[in-house]
Structure formats: C-alpha cells, structure tokens
Protein chains: 2
Amino acid sequence: MSRQTRSRSAETGARIRAAALRLIARDGYAAVSMRQIAGEVGLQVGALYNHMADKQSLLVALMREHLEALLAALEAEALPEDPEAALEGFVRFHIRYHAARPDEVFIAYMELRNLAPENFAGIERLRRSYEDRLQAVLERGAERGVFAVRDARVATMAVIAMLTGVTTWFRPEGRLSLEAVEAIYVDMVRKAVGAGRPG
Amino acid sequence: MSRQTRSRSAETGARIRAAALRLIARDGYAAVSMRQIAGEVGLQVGALYNHMADKQSLLVALMREHLEALLAALEAEALPEDPEAALEGFVRFHIRYHAARPDEVFIAYMELRNLAPENFAGIERLRRSYEDRLQAVLERGAERGVFAVRDARVATMAVIAMLTGVTTWFRPEGRLSLEAVEAIYVDMVRKAVGAGRPG
DNA sequence: GTCTATACCACGATAGAC
DNA sequence: GTCTATCGTGGTATAGAC
C-alpha cells in the first residue's frame, strides 16, 4: 500500500534520472527537453513534476549522486598507507571507475555551468573532497621523500586531468584493454611524481 | 564604396563571432539564442543571417578558426629537432596558448556534440592533426632512446589532457604565475615520458 | 501519481519594406 | 545590410479531473 506506493514512486524517480542521465550525456542539459525525458520513461510531461521540483534540481541530483557514489567507492577501496601503493591504487581506481561511467563523468564535468550558484558550491565541494584524497597521498609521499613533487595541488590537478582524459578516447572494443591502459597510466603517473627513484 | 561595404560587412561578421564566442563559452551553445547574440552586437535577429547560413555554421566557424589558429601558431613556434627541447617547447606553447584563450578552448572541447556529423569530421581532423605534432615528438624521442614511452598514442592523449586541464583552474591573479605553472608541467611531463634518465 | 489541456514564452528562421 | 513583423514550433511549468 503506502509502502508499495512509495517504492513504486521511488522507482519511477530512478527511471527518470536514468533516462535523463543518458539523454543529457548525449545532447547536453540545455538541449534535452522535459518532454523528451518523459517520453523516454513513458510518462507525460506533467508527471515528471511529481518527482522533482524543476529541471535544475534533476541535474543537481544526477551530479550529486555521481559524486557521492564516487567518494563512497574510493572509501571502499581502502587505499594502503604506503604512498606508492596508494598512488597506484588511486590511479587504477579512478580509471576503472570513470571508464565504466562515461555518462555520469561527462555530465559532472560539462554541465557545471548550468548549475545555479548555490548548487554549484555544493557540487564543487564534493569534487574538491575527492581531489583532496589524491592530494593527501602526494603530500604524504613528498614528506617521506619517496615522491618528488614541486607543488602538490598542481600535481593533483595534473594527474586527475590526465586520468579523466581516458574517458574521452577509451573504447572497450579498442586496441588496448582497460587493464593495459591502467598499467600505462600507473607507469606515467609514478614517473611524473618521481616515484621509485634513487633517493 | 564596394570596398567599404565589404570591409564593414566583414567587420560585423567578426563582431558577431566575438560576441557568440563569449556567450557560448559562458552558457553553452544550446543555451545561447540568436536573439542574445544579436542584442550583444546591437542588431536585430534577422540581420545575423546576412553573415551566416544558420546557428550551426556559426559554431563551426568558431571552432575552425580556433583550431586553425592553434595549428598556425604551433607551426610558427618552430619546435627544435631535438626531442627533449621540442617536448619542452610544446608544453610551454600549449599551456601559454590555451591559458590565453579559455573561451575558445572551452568551446572547442565542450561543444563537439552539437556539431552535425559532417562538421564534426572536419573539426576532429584538425584536432587530430595538432595531437599528431606532439605524438611525432614522443615517437622521435622513443626511437632515439631518450624517452621511455610504452605507447606513444596513449602518452600523447595523457599529456594533452594534463596540459589542457590547466585552463580549468589557472587564474592570472592566482597563487602561481603562468611561468611557474609552465615550469612545473615541463618537469612533470618530462618525467612522465622518462626524459633525462640514465640511458 | 498520472492524465489531458493549456498558459505563457522563447526559439530559429524567413519575408519584404527601406 | 538592417529593419519590423511574423511563421511555425517547441520550451518549462501548472491546473484540475480521475
């Protein structure tokens, strides 16, 4: 009854977000209409507004869900304490997680400008919190003298940009397996931050 | 006369593209209306169509102009033949050129999905041609044994993603000067591709 | 919670006077 | 080459019946 109603409603909301995710990743937030999303789910436009306040909050929900899941997954990874091992773990995790979710990644990076300022701030905080995990690894390695990093913040941004870039060209059916790509990036990132060098 | 008319017309076209560049970089192609662009230039909507066939060809013109200028500027740079020197030259050039043109860069990377397929192909060819300049440097270095690169194509994509990422956070009034940022990236990129190591 | 119907507005693009 | 005016379409969001 009430439980069934609630669960059915929650399910519809999830189906709406799933459809919106796919459409927005393909065409962009501004180019996707509420009518399109409704059609994809088999609803009329008006029914969407039983599940969200407006179009903007739909976008916010997609980004927030993605970033919170990303953070939770990184937590679950439980990176080792050793900086070199933690760095390799982070690189492999980031590539694997992002390559598996190209739609979410695309939206979270490209649709930031469509967020109202108050929403932008919250999303940026989540992203920053993710970046800070990598930065902490680099700083720990630098302190211990196992990494040679001139500026941990810049190195963090450089590594994340490099890794996220994989989603723009990687195709599962392509020349290289994901495992092979991970290995190449682990190698490049390790070298970039001066890991494994004679002290 | 006819010359004046032509030059005035060309100038209006340039002002339209400049306004469109700024607006599209800020709000996205789909979110910017022809009316907005016209208003910015001080024209009525209809007048825009004296200078372009439609909205799509405006976007194509912006991207094409950017990528052609980028390629020409790289040519003008005349990278040295020595791989290590050429790599440093490319890194500094790419960061400097892109940091100075955030609007163009943003559009060229983010609005690809708004291109009709036939336009997409041409734009992608230009981008690929730019990437190939870096790839050639990496391959030459690898052949001579001065770089340690497992896969030149992947390394190319990794380096470009890393460098272009600078535009997402760099601010001239920020903590680091552009010169300082360049130096940090030269260092990281050199290490990432194994330059300057004992043979 | 979904439906039909609609309010209200903005869109890209074009026509024709000047 | 720019203007005014308009066509035809589709946008977000809401109202009220069921």
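All chains are named by letter (A, B, ...) in the order of the sequence lines, taking the proteins before the strands, and each is independently numbered beginning at 1.
- Annotation: proximity of residues 54-61 of chain B to DNA chain C (heavy atom, distance under 4.0 Å) is found for B:Asp54, B:Lys55, numbered in ascending order.
- Remark: the backbone N or O of A:Ala152 is paired with a side-chain donor or acceptor of A:Thr156 at under 3.5 angstrom.
- What you find for B:Gly196 and B:Arg190 is that their closest heavy atoms are CA-NH2, 3.8 Å.
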Can you pull every protein N or O that's under 3.5 Å from an N or O on nucleotides 2-5 of chain C?
from	atom 1	to	atom 2	distance (Å)
C:dT2	OP2	A:His51	NE2	2.6
C:dC3	OP2	A:Gln44	N	2.7

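- Proximity of a side-chain donor or acceptor of A:Gln56 to a complementary backbone N or O of A:Ala116 within less than 3.5 Å is detected.
- By the ring pair (Phe, Tyr, Trp, His ring centres under 6.0 Å) test, A:His66 pairs with no residue at all, sequence neighbours left out.
- Listed in residue order, the members of residues 17-31 of chain A having a heavy atom less than 4.0 Å from DNA chain C come to none.
- Using a 3.5 Å distance cut-off with no hydrogens or angles, the side chains of A:Glu139 and A:Gln135 do pair a donor with an acceptor.
- Residue B:Val32 is in sugar-phosphate contact alone, with no base atom involved, counting any heavy-atom pair closer than 4.0 Å across all strands shown.
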Watson-Crick and G-U pairing of DNA chain C written in dot-bracket, each distance under 3.5 angstrom, with | for inter-strand partners: ||||||||||||||||||

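- Both A:Ala53 and A:Gln36 lie near DNA chain D, and the one whose nearest nucleotide falls closer to the 5' end is A:Gln36.
- With B:Asn119 contributing its side chain and B:Gly122 its backbone, the two residues share no donor-acceptor pair below 3.5 Å.
- Between A:Met34 atom CE and D:dG11 atom P the separation is 11 Å, expressed in whole Å.
- Going from atom OH of B:Tyr49 over to atom P of C:dG12 covers 6 Å, rounded to whole Å.
- Judged by distance alone, with hydrogens and angles left aside, the side-chain atoms of B:Glu111 form a donor-acceptor pair with the main-chain N or O of B:Tyr29 at under 3.5 Å.
- Distance alone, capped at 3.5 Å, is enough to place a donor-acceptor pair between the B:Asp82 side chain and the B:Ala85 backbone.
- For DNA chain D, none of the residues of residues 111-121 of chain A falls under the heavy-atom distance limit of 4.0 Å.
- The shortest non-hydrogen separation linking A:Thr167 to A:Ala99 is CG2-N, 4.1 Å.
- Taking B:His98 as the reference, B:His94 meet the ring pair (Phe, Tyr, Trp, His ring centres under 6.0 Å) condition, with sequence neighbours excluded.
- Identified under the ring pair (Phe, Tyr, Trp, His ring centres under 6.0 Å) test for residues 162-185 of chain A, with sequence neighbours left out: none.
- Aromatic ring centroids of A:Phe90 and A:Tyr130 lie under 6.0 Å apart.
- Evaluation of the side-chain contact (heavy atoms from CB on, under 4.5 Å) rule for B:Ala73 yields B:Phe93, B:Tyr97 as partners, not counting sequence neighbours.
- Judged by distance alone, with hydrogens and angles left aside, the side-chain atoms of B:Lys55 form no donor-acceptor pair with the main-chain N or O of B:Ser33 at under 3.5 Å.
- With hydrogens and angles disregarded, no donor-acceptor distance shorter than 3.5 Å links the side chain of B:Asp103 to the backbone of B:Phe106.
- Residues meeting the side-chain hydrogen bond (donor to acceptor under 3.5 Å, both in side chains) test with A:Gln44, sequence neighbours left out: none.
- For residues 133-162 of chain B, there are no ring pair (Phe, Tyr, Trp, His ring centres under 6.0 Å) pairs, not counting sequence neighbours.
- For the pair B:Arg127 and B:Tyr109, the cation-pi criterion (under 6.0 Å, within 45° of the ring axis) is fulfilled.
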Pairs under 3.5 angstrom, nitrogen or oxygen only, protein versus nucleotides 7-10 of chain D, please.
none

